[in-house]
Amino acid sequence: MIYYKVQPSSPKAHLFSVELRVTQPAPDGVTLFLPAWIPGSYMIRDFAKNIVTLTASCEGHEVAVEKCDKQSWQCAPCRGVLVISYTVYAWDLSVRSAHLDTTHGYFNGTSLFLSVVGRAAQPCSVEILPPEGEAYSDWMIATTLATAAEREPLSFGRFSAANYNELIDHPVEMGLFTHASFDVRGVMHEIAITGRHSADIERLCRDLKPICETHIDLFGELPVMESYLFQVMAVGDGYGGLEHNSSTSLICKRDDLPAQGVTEVTDGYRQFLGLCSHEYFHLWNVKRIRPRIFQQADLSKEVYTRLLWLFEGVTSYYDDLALLRSGRIDADSYMELLAQVITRVIRGNGRRKQTVSESSFDAWTKFYKQDENAPNAIVSYYSKGSLVALALDLTIRHESDGRYSLDDVMRALWLRHGVTDIGIGEDEVEAVIEDVTGVDCAGLLSLALDTTEDLPLEELFESVGIGFRLRVARNPLDNGGVKKEAGKKEMLLRVPGARYRTHPLGVELAQVFDDGAAQLAGLSAGDVILAVDGIRSTEKSFAKQMGASEESDIRVIHAFRRDELMTFNLSPQSPPIDTCDLWLEKSAGSQQINCRFDWLRVSTTDV
Ligand code: ZN
């Protein structure tokens, strides 16, 4: 058994104190290490850099500790119980690490729990204490770590884990949060919302339950767990989630949560429900159905797989589909979401340079470390991966005359690889699809995963009575979908050849697309455009200035590159046809309508 004790020792200095007790230390000394990355987020983050102080003692005597590399320590041999005491700086408000101030504390085990090399398989015991002082006497704790002893709900105390990997897969939130619970198929589901907000938590419970049930029905059962926790951090601006063994950590805009007394599904709330749906689907897909290489993943360095299209792409496909199938949104709203994904993929020239397999493999350095050239260089295994899932689903439905679908494949993957915990090899999915459905998807998979060709979406949509059209964007905020006006403003706006944002001096180019008008004129990301043809540019006027040109016109652009004023001659281009609309086809035949019903699970005949 490995013993840990965690306490926020100084909320104002953002410091957690951790004590680690190792009984019967190895005769040649104990080596400790902290992970460099957190499962589910494929980037080296070097969490050990946040360890501020570290000392060791044994039976009252100091033990020498030597740092071996950026993330590991060697303690000198000793007889008795080795105690390592360390402090961890926690000031990263994300779902991936740790955060502590006087309002709350949050941590992932990967940020706080040193691993004892050679003893990762041993059970762990963790005592978690609130900060000292009257100001923190009301603090509660929310986590799905198993409780070691009798514990009042939401109270601090002693927790346990079967081994180190389990220990780091149950993030912990502490403070004064809003809390509610609901039952899903006999298992308690909780939601804890931290941060200032005025959300209708009862409505959240009512909406989350059918989404959870939709996923459970797809896989046939809920994985075995005591309870499930949606851990939400509400902030002014933020978005993200990370999946765990029996919980998820989410960060969202407080305005995306449903307001009291409001019944409509706003675009922001739809996005939040989609995020919850996404992370819940991961309970099966990636937490239990896993690439073989993730099973005993080395947390000290990158672990490479080409399968993230399956784990993130398929999950991204089902997250929004479950909103429709569970009745949270209607078919038109789902068509809009799907059209926006297609638009996002089409607008990236990087899809012509990188395959989805490569995107997955290089996630560590490319997808997770995107720079201004990302649209020209990479494709997302989330968004294109979800279109691959869509194409697979519609192909299986069509080729099997409606007898099978991707749902059957996912259920088989759960039974063969999830329940059994047999990891999936890099090339095994194709055979499972053919075995389960009788449909040979080898050609489609190789086109979709290993080439940069576009997917045959238009003809697949026709088979289920969905209309498909590509058109020119109507305005800088048009991200696709038939809805006339975009629901909310994004930070980046668009003109042919570039994305831009407002700047005190004019507009700043954020991304410049390959072979677009801006790049051909010599403009670069970071350039601040002051004027077009001598007229001042602002966020409001810029699209008009660029759009109003005749194609033959040459536009004179004045822009700062760093502190140097430069002049560029820009030949405007026609706006690209890169915006997608989808709709339920009214004139679809009965066979198509039946297929559509089987797919979407909602009656779509009355359109
Ligand atoms: Zn995901």
Side-chain angles (χ1 to χ4, degrees), residues 37-43 45 94-97 108 110 168-171 208 211-212 214-216 218-219 223 228-233 238-252 256 270-291 293-294 297 302-323 337-338 340-341 344-345 356-357 359-364 366-370 378-390 392-393 406 410 413-414 417-418 423-424 429 449:
W37 59 283
I38 179 168
S41 185
Y42 309 106
M43 186 169 130
R45 296 183 191 276
S94 81
V95 296
R96 301 173 292 252
S97 50
N108 283 284
T110 35
I168 59 172
D169 209 3
H170 298 271
L208 288 174
I211 294 169
C212 297
T214 299
H215 290 326
I216 295 169
L218 186 145
F219 286 103
Y228 184 85
L229 170 65
F230 292 95
Q231 205 170 62
V232 185
M233 179 77 206
Y239 176 79
L242 196 58
E243 66 276 7
H244 295 285
N245 183 281
S246 51
S247 63
T248 178
S249 288
L250 309 166
I251 190 161
C252 72
D256 287 351
R270 181 176 68 175
Q271 187 183 39
F272 177 74
L273 288 178
L275 181 63
C276 294
S277 174
H278 180 98
E279 305 305 342
Y280 198 77
F281 194 86
H282 273 318
L283 267 183
W284 294 267
N285 197 32
V286 96
K287 292 313 300 182
R288 289 165 177 84
I289 305 168
R290 296 185 286 175
I293 192 87
F294 281 6
E302 295 87 345
V303 176
Y304 297 96
T305 175
R306 295 183 184 277
L307 288 176
L308 291 182
W309 70 270
L310 174 63
F311 297 101
E312 291 302 347
V314 170
T315 302
S316 297
Y317 171 57
Y318 279 107
D319 60 19
D320 286 341
L321 186 56
L323 299 189
L337 287 170
L338 209 47
Q340 288 174 351
V341 177
R344 210 153 52 231
V345 172
V356 175
S357 293
S359 174
S360 171
F361 196 82
D362 283 331
W364 301 86
K366 294 195 173 187
F367 187 79
Y368 269 93
K369 294 185 179 177
Q370 294 184 31
I378 67 170
V379 70
S380 162
Y381 51 80
Y382 282 86
S383 46
K384 186 169 176 191
S386 76
L387 298 184
V388 174
L390 167 75
L392 272 177
D393 195 11
L406 189 62
M410 295 315 294
L413 287 172
W414 165 243
H417 294 276
I424 300 186
V429 180
L449 305 177

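Every number for a ligand or one of its atoms is a count from 1 in the order of the listing. Because only heavy atoms are used, hydrogens play no part in the values below, and waters and symmetry mates are left out as well, while side chains stay in.
- For the pair NE2 of H278 and NE2 of H282, the angle at the Zn ion (ligand 1) is about 100°; rounding is to 10 degrees.
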Can Y381 and F311 be said to form a ring-ring contact (aromatic ring centres under 6.0 Å, His included), step by step?
CA-CA 9 Å; Y381 51 80; F311 297 101; over 10 Å; no

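- By the 4.5 Å heavy-atom criterion applied to side chains, F361 and R306 are counted as neighbours.
- Formation of a donor-acceptor pair under 3.5 Å by the N245 side chain with backbone atoms of H170 is not found in this model.
- By the ring-ring contact (aromatic ring centres under 6.0 Å, His included) test, Y317 pairs with no residue at all, sequence neighbours left out.
- Residue E312 approaches the Zn ion (ligand 1) most closely through its N/O/S atom OE1.
- For residue E243, no N/O/S atom approaches the Zn ion (ligand 1) to within less than 2.8 Å.
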